Amino acid sequence: MSTLFVRTLREDPADAEVASHKLLVRGSYIRRVAPGIYTWLPLGLKVLRKLEAIVRQEMDAAGAQEVIFPALLPREPYEATNRWTEYGPTVFKLKDRKEADYLLAPTHEEMFTLLVKDLYSSYKDLPAVLYQIQTKYRDEARPRAGVIRGREFVMKDAYSFNIDDDGLDATYLTMRASYQKIFARLGLPIAICRAMSGAMGGSRSEEFLFPCEIGEDTFVRSPGGYTANTEAVTTPPVPEIDASQVPQSEAVDTPDASTIDTLVQVANDLRPRPGAPWQASDTLKNVVVTAVSPKGDRELIIIGLPGDRDVDMKRVEASLAPAEVDMATPEDLTAFPELVAGYIGPEVIGPQSERRDEDNPAVLRYLLDPHVARGSAWITGANKENTHVFNLVYGRDFEADGVIEAAEVREGDEAPDGSGPLEIARGIELGHIFELGRKYSAALDLKVLDHNGKSQIVTMGSYGLGVTRTLAALAEYNHDDAGLVWPEEIAPATVQILVTGKGQELFDKAEELAGDLEAAGIEVIVDDRQKVSAGVKFKDFELLGVPYGIVVGRGLAEGKVELRSRRSGEREEVAVDEAVARFAEFRTR
Ligand code: ATP
Ligand code: MG
């Protein structure tokens with residue numbers, strides 16, 4: 001510790017909100033350079049390398065082979081797959097001295113695909129799985145929580161190449177199993193959640209979420225074992241309702257009913273429904289959003305959903321990816337004079353509406369959340385100030401352009417597979433695996449000859465794991481009020497020897513003990529700082545999170561040192577001559 005490049009801090013950094021971020025900075029594991037960009041210091045690098053080693057071992061064991069691509073890449077391959085534009089403002093772009101376009105890769109599908117295309121030509125070469133542990137760049141809109149959401153971060157990304165879909169399924173399961181092994185070795189609890197494949201295309205897709213309050217992802221689980229990212233939750237189909245008894249729709253003057261609550265009140269005052277007072281779930285609200293494609297095309301979309309549910313913008317965004325979605329502004333509405341803000345109703349939107357005239361080129365789509373059943377009757381906007389229409393029936397009085405999963409998922413909603421009511425939790429996405437299928441291989445023309453000598457497009461899978469983010473998750477999971485508490489497998493050292501006294505013999509003994517432990521294959525940090533108090537040394541031991549301490553202090557006069565467990569707080573005095581052997585026992589408790 002007297003020479004180690006470390007300066008522990010007693011104060012939390014001002015920009016840090018989550019424990020892992022605070023403690024990694026305070027323990028001198030990382031230092032901030034710019035938003036979402038961090039330097040790794042000696043202790044941090046030790047942990048990072050150990051984590052990488054575990055990931056590497058499990059990838060190798062699964063038969064994947066390591067390569068490494070540059071981060072700095074030319075535009076062309078990303079142009080071929082349209083991702084130069086589709087990836088949007090998240091890509092860091094730059095030019096070389098000849099004005100040629102380059103990017104700092106946010107992900108490497110194109111490069112892996114081209115590499116295999118470059119060298120392989122036969123089904124006999126397949127299956128193949130390649131991976132790298134490499135630095136990625138994403139200009140995240142909101143870098144957050146230290147290295148949890150960085151703009152430069154380390155990812156392990158693997159890609160599989162198979163001749164057919166069965167092969168892909170098998171490889172997918174192998175990779176899934178190796179992810180389970182990695183997280184089991186790290187001791188991190190994980191919820192494997194159904195996911196949206198989003199901008200990447202493809203079909204089968206799962207995320208490995210570490211359940212944790214500070215996570216940005218929300219996921220659901222049911223008693224019967226359904227787990228999914230809320231973005232990927234589908235609404236169980238709602239049966240069609242018989243609307244033959246529903247009276248004709250009727251426009252009603254509804255003053256002072258600009259919110260769902262006041263509308264319900266006014267409805268019950270003006271048109272009471274005997275036996276079943278109107279509720280928010282009887283109203284249909286129509287929310288206007290804009291979807292901006294990566295090319296910059298702006299489309300207006302109106303989403304219809306029951307008034308007792310809010311729109312979940314993340315679910316909408318996942319459905320409309322790669323477009324970016326926002327609430328519409330009053331200016332957005334000016335192109336559509338038929339839309340009366342606050343009173344928008346389905347009669348003037350949807351496929352039946354007049355704006356489908358050739359002379360009105362502005363684009364507007366009406367999409368319904370699947371909670372809206374065919375045949376259901378609604379109170380909704382009448383496209384006129386202070387007016388609502390009652391008994392407007394979907395399928396009888398209006399139609400829509402399509403369906404969109406837009407409504408928030410609620411605690412207690414039924415799981416789509418009938419496995420019971422959903423519980424909602426938060427988590428951090430640590431890994432994401434999915435079957436890409438032929439999106440990249442088709443775009444980049446990766447074909448091999450099959451056993452009949454026919455040229456076939458290869459099918460691919462993609463398997464990402466955030467290494468630096470997982471390190472932060474480990475810090476999040478393994479800490480207490482005093483500091484970090486690393487699991488042995490990734491701790492920067494196994495033992496920290498604390499010299500808590502003045503005599504030179506204490507320091508000599510500590511060095512000797514360190515030598516013995518190291519000879520036994522145990523990694524040691526010696527706190528040999530001369531002018532630092534025992535109190536500070538204990539505090540630093542707790543902050544840094546090395547799993548075990550050995551205190552060489554006053555007891556040495558009687559030939560004793562003290563073993564400590566950082567996690568359990570357990571202590572034991574042992575004879576200094578037996579310290580190595582006794583530590584081996586202590587450690588296994
Ligand atoms: P997110 O939804 O959190 O933005 P993503 O879905 O864009 O992540 P992928 O493209 O699936 O991420 O990348 C694979 C893995 O890389 C993620 O599961 C995550 O662990 C990690 N990762 C992605 N973005 C970041 C980031 N900005 N900082 C740190 N790790 C990241
Ligand atoms: Mg993902």
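Atoms within each ligand, like the ligands themselves, are counted from 1 in listed order. Just so it is clear, the structure is predicted and the values come from calculations on it, not from any experiment.
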Engineer: Determine, stepwise, if the pair K285 / D310 fulfils salt bridge (charged side-chain N to carboxylate O under 4.0 Å, His left out).
Structural biologist: CA-CA 9 Å; K285 70 176 164 196; D310 285 331; 3.3 Å; yes

Engineer: Once side-chain hydrogen bond (donor to acceptor under 3.5 Å, both in side chains) is applied, do any residues pair with E408, and if so which ones, sequence neighbours excluded?
Structural biologist: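 Expected list: none.
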
Engineer: Please confirm whether V147 comes within less than 3.5 Å of ligand 1 when only nitrogen or oxygen atoms on both sides are compared.
Structural biologist: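 V147 vs ligand 1: no N/O contact under 3.5 Å.
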
Engineer: Kindly indicate, with the supporting measurements, whether the criterion salt bridge (charged side-chain N to carboxylate O under 4.0 Å, His left out) is fulfilled by E488 and R567.
Structural biologist: CA-CA 11 Å; E488 273 194 48; R567 190 174 291 275; over 6 Å; no

Engineer: Just by distance, with hydrogens left out, do S160 and T171 show a side-chain donor and acceptor under 3.5 Å apart?
Structural biologist: no

Engineer: Have a look at K314, R138, K136 and point out the one with the heavy atom closest to atom 23 (C) of ligand 1.
Structural biologist: R138

Engineer: State the atoms of ligand 1, each with its element, that fall below the 4.0 Å cut-off from a heavy-atom position in I148.
Structural biologist: 28 (N), 29 (C), 30 (N)

Engineer: Can you list every side-chain hydrogen bond (donor to acceptor under 3.5 Å, both in side chains) pair that touches residues 113-122, not counting sequence neighbours?
Structural biologist: none

Engineer: For a side chain to side chain contact (heavy atoms under 4.5 Å, CB included) check, start with the C-alpha distance between I148 and I214, then their side-chain angles and the critical distance, and finish with the verdict.
Structural biologist: CA-CA 10 Å; I148 289 183; I214 60 138; 3.9 Å; yes

Engineer: State the atoms of ligand 1, each with its element, that fall below the 4.0 Å cut-off from a heavy-atom position in G150.
Structural biologist: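 By the 4.0 Å cutoff, the relevant atoms are 26 (C), 27 (N), 28 (N), 29 (C).
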
Engineer: Parallel, tilted or perpendicular: which describes the rings of F434 and H432, with under 30° parallel and over 60° perpendicular?
Structural biologist: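 Tilted: the ring planes of F434 and H432 meet at 30° to 60°.
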
Engineer: My understanding is that we take every heavy atom of each candidate and find the minimum distance to atom 26 (C) of ligand 1. Doing that for F210, F208, F153, Y463, which one comes out nearest?
Structural biologist: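 Among F210, F208, F153, Y463, the closest heavy atom to atom 26 (C) of ligand 1 comes from F153.
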
Engineer: Near E140, which atoms of ligand 1 are under 4.0 Å from a heavy atom of that residue?
Structural biologist: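 By the 4.0 Å cutoff, the relevant atoms are 24 (N), 26 (C), 27 (N).
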
Engineer: Any nitrogen or oxygen of M155, side chain or backbone, less than 3.5 Å from one on ligand 1?
Structural biologist: no

Engineer: Given L430, T470, V467, which has its nearest heavy atom closest to atom 20 (O) of ligand 1?
Structural biologist: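 Residue with the shortest heavy-atom distance to the ligand atom: L430.
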
Engineer: N/O to N/O below 3.5 Å, does that happen between R469 and ligand 1?
Structural biologist: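 Yes, R469 has an N/O under 3.5 Å of an N/O on ligand 1.
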
Engineer: Using heavy-atom distances, let me know which of E429, R149, M196 sits nearest atom 3 (O) of ligand 1.
Structural biologist: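 Selected option, by shortest heavy-atom distance: R149.
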
Engineer: Give the numbers and elements of all ligand 1 atoms closer than 4.0 Å to a heavy atom of H432.
Structural biologist: 11 (O), 18 (O)

Engineer: Less than 6.0 Å separating the ring centroids of Y87 and Y78?
Structural biologist: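 Here the rings of Y78 and Y87 have centres that are no less than 6.0 Å from each other.
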
Engineer: G431 heavy atoms, cut-off 4.0 Å: which ligand 1 atoms fall inside?
Structural biologist: 18 (O)

